[in-house]
Amino acid sequence: MATKPARAAKKNVRKAAPQKAPARSAPRRPSAPALALPPRELTGSFEPAKFEASLYEFWEKSGCFDAADESAPGQKSFCIMIPPPNVTGHLHMGHALTNAIQDTLIRWRRMSGDNTLYQPGTDHAGIATQLMVERALADEGRKAGGRPITRHDLGREKFLERTWKWKEDHAHIITGQLRRLGCSFDWKRERFTLDDGLSRAVREVFVRLYKDGLIYRGERIINWDTVSQSAVSDLEVVPTERKGFLWHIKYAVVESDGTPVAGADGKEAFLTIATTRPETLLGDTAVAVHPEDDRYSAFHGKHAKLPLLGRVIPILTDTYVEREFGTGALKITPAHDFNDYEIGKRHNLPLVSVMGKDGKITAAGGPYAAMDFKTARERIIADLKESGRLEKTEEHTHKVGLCDRTGQPAEPLVSKQWFVKIEPLAKPAIAAVESGKIEFSPKSWEKTYFEWMYNIRDWCISRQLWWGHRVPAWYCSTCQEITVAVEAPAACGSCGADADRLKQDEDVLDTWFSSGLWPFSTLGWPEKTPALNTFYPTSILETGFDIIFFWVARMIMMGLHFTGDVPFRKVYLHAMVRDEKGEKMSKTKGNVIDPLDVMAEHGADALRFTLLAMAGQGRDIKLSLDRVAGYRGFCNKLWNATKFFHLQVAQGAVAEPQGGAESWLLKNKVELLPVNRWVLSRLQQVNGAVTKGLEEFRLNEAAQAIYDFSWHELCDWYIEFSKVSFKEGGEARKQTLITLHYVLERLLRMMHPFMPFVTEELWLSLPWKKPANSPTRERDGAPAVMSLMLQKYPQPEPRFANSEAEKTVAALQGIIEALRNFRGENRIPTSKEIAACYVAPRTATDAFVQLFRSDIMAMARLSALEKAPVNGNGGAPRTIAVIPVTNPALELHVDLKGLVDVEEETKRLRKEIERVQGDLSFIRGKLTNESFVAKAPKELVAKEKGRENELVGKLRELESALTRLSG
RNA sequence: UGGGGUGUAGCUCAGUGGGAGAGCGUCCGCUUCACACGCGGAAGGUCGUAGGUUCAACCCCUAUCACCCCAACCA
């Protein structure tokens, strides 16, 4: 008794608004009219360009994308942050992939009732953007007939103005492209790493880290980009294989006072070093050999005279030296090589900087001063050759560190920079992953993460650029002390000198410093905003594995340090999108597939679905345009399936059942036609598979389930079956129309996160749609929206599960397929109708055929299907072909006269017999194997026995059919 | 050098301890009144190689080869 009203109440909740929020003081406007697009007609074929833009505009304008700062009571929050693309960038396939995945999850959770925030925004991308503007400036200068204009010609302020303008002019490109892809961002919350709020967060973080002793300023060896004239971090230098030379140079061995040392032969002794960068010789402060290298033991404690400059430097021993490489003697240039720097520290060697920040040799380079590095190298080689100090030159392939952004070699040099002391930050970040508070998927990436985190080096965060967050440090010209503060200080923090004695640091911060704060800075941190409370920690981080160190690790470190909590609990890493040959897409190779071109040709949905279907974990995506075209075909298929529905409605509408299609179908499920029960059962099963795929982050499996069901069950079978019912009319027609509408509508909802545009367009065409609202919109009094976007995501309906119907339809399909196979193999054109008879050994089978007679006739294109006049094939004429079916056991008879050559059918039978024989011998092999019968599960043995019997029967029928044909 | 991944139909990829699937391509037959962006049928694979575990291996284990990626201090 008590269950009935409860159930009814539950149903009401489903149909009507979800959970009424007892809005505290917010006035509710309960009767606000629903927002809706003007009705549109479904005609022609799938042409995405006709509707995608207007749908997106409608969604955005009606506030469907908006998150609420606070979730409604009982409502979950769900948040994904976009990995901020470069503000002046263009959408590439990597963006398309990551955002397609994210948006699918977001839409799914939104439809599931969560308060979802898909946070949009862009990154100022320091070097990249500054370089663009500088390039444009240079071009301007050249076009005007003069020399290229540099940023220094403009000065910092003017240049920044230009860059902001450039940003304003270009930012809409990437955001427009993300809209084009259908991503449901809450655009009202769009953030930019250089906007006021985020800049404030950056300064706050800098100041706090400084006060905690985690940021320091120091003179260290760093990577220098001579193009952007800035320091870059270790990560921004990509070791790249380059062909070069290994020069062997002779250094004279001397005493500390410079007097020559004689070798074993009594002549002047030399020591040969091998180097790939001879110009660094100018900065050498030692030569090192391995302590146990016998070749050089005589030189321990001696000195070497630097060729060309004549400087006397010590010969020291260090186990770092590889005896096998080169000559086994290593020149040490502590100021221009990371390893040499370490060796220099161990042996207290002086630093001699010869490579200047401007890409030219410094004064310390003596006669080579002011030459650029390339010229200096050439001159030094020539001079060495001339003085007989160049022993030999070998070709040598080695790794050169190229700057990520500019592609030019990075020059290690010693410079005063700002650093983050990383170890104290890394420790908790390692622990968070070790303890499982953050999980990576695929899990193997955790190893990569640990590897890097355990060996992490201090992070050089200062950049000698102008575009970025200026280091919030001021130098006092009175006391020389540094004042670090969030806002420009009014006086020196040490001596109290006036602000005019203070000068702000010229440098800006590494772009990744600000993107590391993204998960909380976008939500208003350091303020304790409601949004921060609602959405932090974010739900999922989805990005490419190439920025694990750049971005993911830094977000974890910063998040833990500043919020005390992880920034996200799950990290999903997708693969790289390559071209169809598996090559990395690159402009120079010219193999870039532009997502915008693809969308222009096939629509956003086809591109999204392709990427999702191919995004299996742990494998690169080789994007194939054929595949995209295939999924465009899929969109068209859906389009036409819906059109088919409308055509049936046009033959005579059926009123929506009282209480909705679902409850009507549930109430009447016993009276439904088997095919209707079947499709409902299949639908709910597929629903389960799709939901599981989404929950387990296997979007490719979910996509596959959707595709297979839609095309191969709904379209290939169900719609074909439905035609029989529609022709029949009456009750059959009515229940089939209701079923078809229900299945279509549910399916569209189910696939909407994957293909938002086409599903919405089709859904809007359906007759029984109703506007819907989200819990938070409802609470805040926002109007309901006539859109698929806010409909409830379907759950499997177990009451539709029906294994009986599934078995029945499988048997029916078996009969139809046997007939189709007969037709196809015998090449009987579709236009020729076949008259068939059947022989059913059991009355139940006879009833089965009678029940589905019209279905079989329609789908196998038979002109007749009657009971055979004679039982068995004993009395049948010679031209009768027999088609045996095993489940249910029956024979189909077709008169070959006028249809097929007897020989053709004979051939078909022989082939069939061969196959059955093969199957049979395999099964018998198993069944005669004693260990199989003894050890395999009993059910399996029984199943195989059953199959054996089936096959024996089939074989007998085939053979007798064959003898009769040929006899 | 170390770590990870991949190897399945002509191509691009799914997949499971009980005789391997899809899309595209190929071949055959189709203006079947939703769809030629389609319908029906078919051909095509010793699931990289060699061992092992198991009644049973494409799947688990070991070795090996090939390709890819990542991290690296061989100047």
Side-chain angles (χ1 to χ4, degrees), chain A residues 42 45-46 239 246 273-277 280 288 320-333 337-340 342-343 396 398-399 442 444-445 447-448 451-452 455 545-546 548-549 575-576 578 580-582 584 602 606 610 613-614 616 618-627 629-648 700-701 704 707-708 711-712 715-716 719-720 723 817 820-833 858-861 918-919 922-923 925-926 929-937 940-941 943-944:
Chain A
L42 196 63
S45 56
F46 170 69
L246 196 55
I273 59 91
T275 182
T276 55
R277 295 172 63 210
T280 61
Y320 164 78
V321 181
E322 294 279 338
R323 277 172 279 184
E324 289 73 32
F325 189 87
T327 61
L330 178 62
K331 62 191 268 317
I332 307 293
T333 322
D337 183 287
F338 282 87
N339 300 306
D340 292 4
E342 292 302 317
I343 295 173
H396 181 66
H398 63 128
K399 297 260 170 79
S444 53
W445 286 112
K447 215 169 174 167
T448 310
E451 196 64 33
W452 189 69
N455 300 309
F545 59 80
D546 49 330
I548 289 181
F549 308 139
M576 179 172 281
R578 298 165 173 280
E580 40 211 316
K581 277 178 267 165
K584 214 166 167 170
H602 301 296
T610 307
M614 295 182 91
R619 191 198 264 250
D620 283 348
I621 296 173
K622 287 184 207 162
L623 186 67
S624 123
L625 290 174
D626 285 347
R627 198 82 186 252
Y631 288 125
R632 185 220 163 97
F634 180 49
C635 294
N636 189 49
K637 191 76 180 169
L638 292 168
W639 188 272
N640 281 294
T642 311
K643 228 167 75 177
F644 172 79
F645 167 78
H646 285 295
L647 281 181
Q648 299 312 321
N700 57 323
E701 286 178 27
Q704 195 62 39
Y707 181 91
D708 287 343
W711 201 310
H712 298 305
C715 291
D716 286 354
I719 286 185
E720 293 307 319
K723 288 175 182 171
E817 276 167 350
R820 281 177 175 174
N821 175 280
F822 168 79
R823 180 192 284 275
E825 293 262 286
N826 284 315
R827 274 171 245 126
I828 301 169
T830 323
S831 52
K832 275 196 187 171
E833 292 202 307
M859 295 185 66
R861 304 201 63 74
D919 287 0
F922 179 80
I923 287 193
K926 260 185 172 177
N929 181 344
E930 279 171 35
S931 355
F932 173 76
V933 179
K935 293 189 180 171
L940 187 70
V941 178
K943 205 177 114 197
E944 298 287 12

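The analysis underlying the following values was restricted to heavy atoms, covering all of them including side chains, and did not include hydrogens, waters or symmetry mates. Residue numbers begin at 1 in each chain, while the letters A, B, ... track the order of the sequences. In this text the structure is predicted, and so the values were computed from the model without any measurement.
Between A:D337 and A:T280 there is no side-chain heavy-atom pair separated by less than 4.5 Å. Put simply, the side chain of A:Y320 does not reach to within 4.5 Å of the side chain of A:E342, judged on heavy atoms. You'll find the side chain of A:F46 stays beyond 4.5 Å of the side chain of A:L638, heavy atoms only.
For A:K622, taking side-chain heavy atoms from C-beta onward, the closest of the listed nucleotides B:rC55, B:rC13, B:rC37 is B:rC13. Distances from the side chain of A:P829 to the nucleotides B:rG41, B:rU12, B:rC30 place B:rC30 closest. Distances were taken from every side-chain heavy atom of A:T830 (C-beta onward) to each of B:rG4, B:rG15, B:rC30; the shortest belongs to B:rC30. Considering only side-chain atoms of A:A936, the nucleotide from B:rG19, B:rG41, B:rG18 that sits closest is B:rG18. Among the nucleotides B:rA34, B:rG18, B:rA14, the one closest to the side chain of A:I719 is B:rA34. For A:N821, the listed nucleotide lying nearest its side chain is B:rA42; candidates were B:rA34, B:rG15, B:rA42. The side chain of A:E944 has B:rG18 as its nearest neighbour among B:rU32, B:rA34, B:rG18.
Side-chain atoms of A:N455 come within 3.5 Å of backbone atoms of A:E451 as a donor-acceptor pair (strictly under, hydrogens ignored). Under a 3.5 Å cut-off, the side chain of A:N821 and the backbone N or O of A:E817 do not form any donor-acceptor pair.
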Heavy atoms under 4.0 Å is the rule here; annotate nucleotides 21-28 of chain B 5' to 3' with B where the base is hit, S where only the sugar-phosphate is, and - elsewhere. --SS---S

Heavy-atom contacts, protein to nucleotides 67-75 of chain B, under 4.0 Å, summarised as B (base), S (sugar-phosphate only) or - (none) per nt, yield --SSSBBBB

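Rounded to an integer number of Å, the gap from A:F932 CZ to B:rA57 P is 12 Å. The distance from atom CG of A:L625 to atom P of B:rC11 is 18 Å, rounded to the nearest whole Å. Look at CG on A:D919: it is 11 Å from P on B:rG19, rounded to the nearest Å. A straight line from CG of A:L623 to P of B:rC13 spans 10 Å, rounded to a whole angstrom. A straight line from CZ of A:F644 to P of B:rU32 spans 15 Å, rounded to a whole angstrom.
Between A:M576 and A:F545, the closest heavy-atom pair is N-CE2, 4.0 Å. Residues A:A274 and A:G326 approach most closely at CB-CA, 4.1 Å, considering heavy atoms. Taking both residues in full, the closest heavy atoms of A:G328 and A:V321 are given as O-CG1, 3.3 Å, listed atom of the first, atom of the second, then distance. Contact between A:I343 and A:I332 at its shortest, heavy atoms only, is CD1-CD1, 3.9 Å.
Nucleotides B:rA22 and B:rG44 are separated by 14 Å at their C1' atoms, to the nearest Å. The P atoms of B:rA14 and B:rU53 are separated by 32 Å, rounded to the nearest whole Å. Look at the C1' atom in both B:rA71 and B:rG15: the space between them is 32 Å, to the nearest Å.
Annotation: side-chain contact (heavy atoms from CB on, under 4.5 Å) contacts of A:R827 (sequence neighbours excluded): A:E904. Remark: A:R823 engages A:I828, A:I834, A:R861 in a side-chain contact (heavy atoms from CB on, under 4.5 Å) (not counting sequence neighbours).
Regarding contacts with the backbone of B:rA34, a side-chain N or O of A:K723 is found under 4.0 angstrom from either OP1 or OP2. Between B:rC55 and A:K935, a contact under 4.0 Å exists linking OP1 or OP2 to a side-chain N or O.
The nearest heavy atom of RNA chain B to A:A613 and to A:C635 marks one nucleotide each, and the one closer to the 5' end goes with A:A613. Residue whose closest nucleotide on RNA chain B sits further toward the 5' end, between A:D716 and A:N640: A:N640.
Within the 4.0 angstrom heavy-atom criterion, base atoms lie near A:K637. Using a 4.0 Å heavy-atom cutoff across all strands shown, A:I332 reaches no nucleic acid atom at all. Among the atoms of the strands shown, base atoms are found under 4.0 Å from some heavy atom of A:C715. Note on A:R820: only backbone sugar-phosphate atoms sit closer than 4.0 angstrom, heavy atoms only; bases stay farther off.
With a 3.5 Å limit on both pairing distances and Watson-Crick or G-U wobble geometry required, the stems of 3 or more pairs in RNA chain B span B:1-7 with B:65-71, B:10-13 with B:21-24, B:26-30 with B:38-42, B:48-52 with B:60-64.
Rounding to the nearest 0.5 Å places CE of A:M859 at 4.5 Å from CZ of A:R820.
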Using atom names, set out every protein N or O paired with an N or O of nucleotides 44-48 of chain B below 3.5 Å, distance rounded to 0.1 Å.
none

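Using bins of under 30°, 30° to 60° and over 60° for the plane-to-plane angle, the ring pair A:F549/A:W452 lands in the parallel bin. Below 30°, between 30° and 60°, or above 60°: for A:F634 and A:Y631 the angle between ring planes is above 60°, a perpendicular geometry. Using the six-membered ring where Trp is involved, A:F325 and A:H396 have ring planes that are perpendicular, over 60° apart on the 30 and 60° scheme.
For A:E825 against B:rA43, a side-chain-to-base donor-acceptor contact under 3.5 Å is absent.
If you check the side chains of A:H712 and A:D708, you find no donor sitting under 3.5 Å from an acceptor.
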